[in-house]
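Following: one structure in structure tokens, then a few remarks.
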Amino acid sequence: MSVFSALFVKEVRLELRQKHTLAGIFMYVLATVFVCYLSFEKIETPRTWGALMWVTGVFTAFNAMQKAFSSDGNGTQLYLYSLAHPRHIILAKSMYNALLVAVLNVISLAFFLLFFGGEVIASADFGQLILGLFLGSTGLGLALTFVASLAYKSGTGVGLVAILGFPVIIPLLITIVRHTTFAIEGMSYLQNSLNLLILVVLNLLSFVLAFILFPYLWRE
Amino acid sequence: MNLWLKIICIACLIYTAVFSFWHPMAPGGLEVSAKSFHPGRNEFSFTGYGSHFLQEKQSMQVFVTVDSSAVYCADILSVTDEAHAIVSVFLPDTLSSNQFGFLANNNIDGTLLVEAPVGSEGFTFIEGTKNDSCHYEVKQEEHMGFGYPFQPIIIESIRNLMWHVPMWFTMFALMIISFIFSLRTLSNKSGTPDLNFDRKAAASAGTGLVFCILGLITGSIWARFTWGAWWTNDPQLNGAMVVFMVYVAYFILRNSTPDHDKRSRISAIFNIFAFALMVVLLMVMPRFAEGLHPGKSGNPAFSKYDLDSSLRTVFYPAVLGFVLLGYWFYKINEKIRILEDQQEENHHDEKS
């Protein structure tokens with residue numbers, strides 16, 4: 001466990017040391033939401049609200065995940081390999097990235113509320129909205145970390161993350177948009193429980209698969 | 001592949017090709033011309049499909065049912081051809097509701113049913129109103145001859161069942177083969193992935209992808225006929241498209257990794273991921289969502305009609321034929337890949 005926490009702390013430290021990348025993603029979120037605001041001006045339906053929110057969320061996640069593995073140099077990778085079990089590495093990376101995407105999406109939600117607040121979200125259930133936001137973000141983070149590791153190992157650069165990642169996250173995207181729409185419409189937890197269940201299952205699926213398969217990928 | 005399997009495969013496919021088109025449709029009721037009913041005489045025409053109205057003019061009977069409890073006999077005014085009968089029905093002032101149904105009855109076709117929304121004006125509705133004047137003599141037995149069951153919207157396109165569904169079965173079978181070989185690629189004891197298994201996995205997934213494309217095309221044509229659009233927003237359709245994209249991504253990943261050992265490992269991992277995703281997308285998620293495609297909640301699938309003996313006689317050989325064809329293609333695909341790899345090796349040897 002101490003190996004895991006050390007790796008996790010290393011990720012956080014690296015991120016904080018390179019503040020410009022974090023600021024870059026922050027700018028990306030702000031700019032995207034603002035462009036949405038300028039082009040839509042006003043959102044009338046919960047469905048559009050949820051869809052736009054998650055399209056922004058997905059692109060933010062892709063932006064954040066592209067450097068998930070390539071930020072460590074080859075030397076660092078080898079060093080980590082000699083120190084830690086690959087399961088610890090993927091665990092730390094996944095957890096950190098899930099958290100990062102969640103934080104970015106909370107920021108994005110705040111901007112959405114700022115620019116698109118109003119009648120549409122008057123009856124929204126914020127508890128559910130946040131819960132969905134968290135589960136959707138962790139799902140994106142987990143799936144994309146795994147995809148980023150594949151893309152990194154294939155050695156073809158970051159372009160592959162998008163090609164491999166988009167089809168993989170579509171089931172998650174469909175479910176999370178539906179969940180968010182229901183939450184904005186003010187439906188109860190019971191009415192939304194099926195979407196929640198699918199989200200949890202997809203989270204678990206991508207996490208378990210990554211956890212089992214990553215050691216095979218890591219050994220060379 | 002064994003010669004006998006090849007012969008069975010070709011025989012099944014020829015049988016499917018011939019009989020999926022050759023079998024007649026069982027007769028059915030297509031539509032009625034009535035738009036709105038009023039008390040008194042109402043004249044309309046009853047249109048059948050594949051029916052024998054002219055031939056069985058003597059035994060022709062047409063009924064209008066109200067609320068499926070009261071029956072009103074219609075008089076046959078004229079039978080213009082095998083498919084059209086012009087009839088008139090006398091309706092009283094009082095009916096039990098405005099839910100009209102239409103039955104045509106003769107000795108060859110059995111009972112043909114049309115359920116069309118027909119408006120009404122000028123009636124008083126009293127629940128439970130019966131009609132004693134019509135001598136109700138509908139033969140409830142189905143058409144006795146051999147033919148595909150008549151379905152109101154699907155009609156002739158039910159023949160597509162023999163093509164569209166086996167294609168997806170084949171794709172599933174091939175993806176399962178691919179999944180198993182991907183697992184075996186990774187679980188090699190010596191630590192280095194087995195390139196033979198990797199080749200088999202790739203060949204199988206590639207062939208599966210072809211059947212996926214064929215399934216999408218046949219499905220799209222069927223959707224245009226029955227639902228009126230080439231693509232509808234249905235979880236099964238969307239899932240199929242995502243599965244297609246995931247497997248295309250698998251081949252992009254393969255082709256972008258030149259090193260064989262690395263490629264086999266990475267693509268095996270992605271293939272396992274893709275297979276899990278396919279099961280979620282095509283088997284699990286459509287069951288929880290509303291949609292038009294048969295086989296999920298609120299939509300009673302084809303199970304009822306699969307049991308129809310005339311469909312079964314073609315459907316099962318079609319599945320067998322297509323699965324064997326898929327397996328055959330996969331074997332050929334594997335051989336091509338082996339040759340390609342050998343050629344590449346020879347090329348390397350010549351260089352060095």
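Quantities reported herein were computed from a predicted structural model and do not represent experimental measurements. Chain naming here is simple, since letters A, B, ... match the order of the sequence lines and numbering starts at 1 in each.
Considering only heavy-atom pairs separated by less than 4.5 Å from chain A, the leading option among B:I252, B:L281, B:L253 is B:L253.
The two residues A:F146 and B:I269 have their closest heavy-atom pair at CZ-CG2, 3.3 Å. B:S256 and A:L160 make their closest contact through OG-CD2, 3.7 Å (heavy atoms, listed as atom of the first residue, atom of the second, distance).
Side-chain contact between A:K153 and B:T257: absent, with no pair of heavy atoms (C-beta onward) separated by less than 4.5 Å. Between B:L186 and A:L213, the closest side-chain pair of non-hydrogen atoms falls below 4.5 Å. The closest side-chain heavy-atom distance from A:P167 to B:F244 is not below 4.5 Å. With contacts defined as side-chain heavy-atom distances shorter than 4.5 Å, the pair A:S154/B:K262 does not qualify. Residues B:I272 and A:Y216 are not in side-chain contact: their nearest non-hydrogen atoms beyond the backbone lie 4.5 Å or more apart.
For A:L209, the part lying near chain B is the side chain, with the backbone staying farther off; criterion is any non-hydrogen pair under 4.5 Å. For a residue to count as touching a neighbouring chain, one of its non-hydrogen atoms must lie under 4.5 Å from one of that chain's; by this rule A:I212 does not touch chain B. Contacts of A:L164 with chain B are made by both backbone and side-chain atoms, with heavy-atom separations under 4.5 Å. Interface remark: A:L205 contributes side-chain atoms only to the contact with chain B (heavy atom separation under 4.5 Å). Residue contact with chain B, scored on non-hydrogen atoms closer than 4.5 Å, involves the side chain of A:I170 exclusively. A:F214 does not touch chain B: none of its heavy atoms, backbone or side chain, sits under 4.5 Å away. Neither the backbone nor the side chain of A:S149 has a heavy atom closer than 4.5 Å to any heavy atom of chain B. Of the two parts of B:V242, the backbone and the side chain both hold a non-hydrogen atom closer than 4.5 Å to a non-hydrogen atom of chain A.
Other residues, nucleotides and ligands place no more than 12 heavy atoms under 6.0 Å from the CZ atom of A:F40. Counting heavy atoms of neighbouring residues, nucleotides and ligands inside a 6.0 Å radius, atom CZ of A:F8 exceeds 12 of them. By the 6.0 Å contact criterion, CZ on A:F134 is open, its count of non-hydrogen atoms from other residues, nucleotides or ligands being 12 or less. More than 12 heavy atoms of other residues, nucleotides or ligands shown are found within 6.0 angstrom of CG on B:L339. Annotation: B:F225, atom CZ; neighbour count of heavy atoms from other residues, nucleotides and ligands within 6.0 Å is above 12. Crowding of A:F59 atom CZ: a count of heavy atoms from other residues, nucleotides or ligands under 6.0 Å not exceeding 12.
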